[in-house]
Amino acid sequence: YGFAKNILTGLIPYKDFNMIIPPLFHYILAIFLKVLGQKLIVYHIILSIMISGITMMAYNKIGKSAFTLHLVLLTYPYTGYNIFCVLLLFILLTKKEDKYAKIIDPLLIIMMILSKQTLVLLAIPSLIYAKNNKKTFLIYIVSALVFFVYLLINNNLIEFIDYCFLGMFDFTN
C-alpha cells in the first residue's frame, strides 16, 4: 500500500524510496487507489477480490478443497504482490487453451516477474514447452527491453539492480 501511495505522490521507486521487488504490482495498485481513493481499505478490498478469484478458480478445479486454500490465503494477505502473483499463476494454470495462449502465457509470466523477480524461473519451462519458442522468447525480450527503458527514463537502473538483485544477498543476512 505504501509503495503505491508513494508512486501516486510522484516518488520514483528505487530512487526516492527503497523496494526489493520490481514495481508492476504497485503501479497497478496505484491506479486502483487513484480511482477508488487512497485509503488502506481499498487495498484490502482489492486483496480480498484477488483471494476470492483464486478461490473460485481453485473451486472450479478441485471442488470444496479450495476452501482450505482460501483459509491459507487469508492468513497471508498483507504482501499483495505475492497474492497478485498467485492470482496470475492460477489464471495461467486454469485458463482454456486458445489461439492467443502463446501470447497470453508469456505475458502473464512477465507480469509475475515484474512483480517478483525470483519468478523469472517460470520463463524456463515456458520456453521449453512453448509451441513457438521464437515468439515466446521475443515477448520476453521485448518486455525486458520496455522495463529497461522505463528504468533508464527514470534514471534508476543502478538502484533497481542494487535493491532487487544485489540487495537480496544483504536482505538474507
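All residue numbers in this chain count up from 1 along the given sequence.
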Tell me whether [X] shares a hydrophobic cluster with [Y], the cluster being built from Ile, Leu, Val, Met, Phe, Trp, Tyr side chains joined at under 4.5 Å.
X: I128; Y: I104; answer: no
X: Y140; Y: F148; answer: yes
X: L36; Y: L33; answer: yes
X: V149; Y: Y14; answer: no
X: I12; Y: L29; answer: no

Expected output: side-chain T136 to main-chain N133 donor-acceptor under 3.5 Å: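 No, the answer is negative, given that no donor and acceptor are paired below the 3.5 Å cut-off.
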S126 side chain to L122 backbone, donor-acceptor under 3.5 Å: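 Judged by distance alone, no pair lies under 3.5 Å.
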[atom1]/[X] to [atom2]/[Y] distance, rounded to the nearest 0.5 angstrom?
X: F84; Y: L114; atom1: CZ; atom2: CG; value: 9.5 Å
X: I113; Y: I21; atom1: CD1; atom2: CD1; value: 14.0 Å
X: M57; Y: L92; atom1: CE; atom2: CG; value: 10.5 Å
X: D162; Y: E159; atom1: CG; atom2: CD; value: 8.0 Å
X: L88; Y: M112; atom1: CG; atom2: CE; value: 5.5 Å
X: L119; Y: Q117; atom1: CG; atom2: CD; value: 8.5 Å

Intermediate values then yes/no, side chain to side chain contact (heavy atoms under 4.5 Å, CB included), V42 and I46: CA-CA 6 Å; V42 172; I46 290 168; 3.9 Å; yes
Taking atom [atom1] of [X] as the centre, report whether more than 12 heavy atoms of other residues, nucleotides or ligands fall under 6.0 Å from it.
X: K15; atom1: NZ; answer: yes
X: Y27; atom1: OH; answer: yes
X: Y150; atom1: OH; answer: yes

side-chain hydrogen bond (donor to acceptor under 3.5 Å, both in side chains) involving K5 - partner list, sequence neighbours excluded: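 Applying side-chain hydrogen bond (donor to acceptor under 3.5 Å, both in side chains) to K5 gives none.
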[X] and [Y]: which non-hydrogen atoms are nearest, and at how many Å?
X: G10; Y: D16; result: O-OD2, 4.3 Å
X: Q38; Y: Y1; result: O-OH, 2.9 Å
X: L87; Y: G53; result: CD1-C, 4.4 Å
X: G80; Y: Y43; result: N-OH, 3.1 Å
X: I7; Y: F17; result: CG1-CZ, 4.0 Å
X: C85; Y: K116; result: SG-CB, 4.1 Å

Lys/Arg N to Asp/Glu carboxylate O, E97 vs K95, below 4.0 Å: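 Judged by the 4.0 Å cut-off on N to carboxylate O distance, E97 and K95 do form a salt bridge.
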Derivation and outcome, side chain to side chain contact (heavy atoms under 4.5 Å, CB included), residues T94 and N60: CA-CA 9 Å; T94 60; N60 289 336; over 6 Å; no
V86 and I83, any side-chain heavy atoms less than 4.5 Å apart: no
Working for side chain to side chain contact (heavy atoms under 4.5 Å, CB included), residues I139 and S143: CA-CA 6 Å; I139 291 170; S143 299; 4.2 Å; yes
Plane angle bin for F160 and F147 - parallel if under 30°, tilted between 30 and 60°, otherwise perpendicular: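 Geometry flag for F160 against F147: perpendicular rings.
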Among N18, N156, I158, side chain to side chain contact (heavy atoms under 4.5 Å, CB included) partner for Y163: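 Between Y163 and the candidates, side chain to side chain contact (heavy atoms under 4.5 Å, CB included) is satisfied uniquely by N18.
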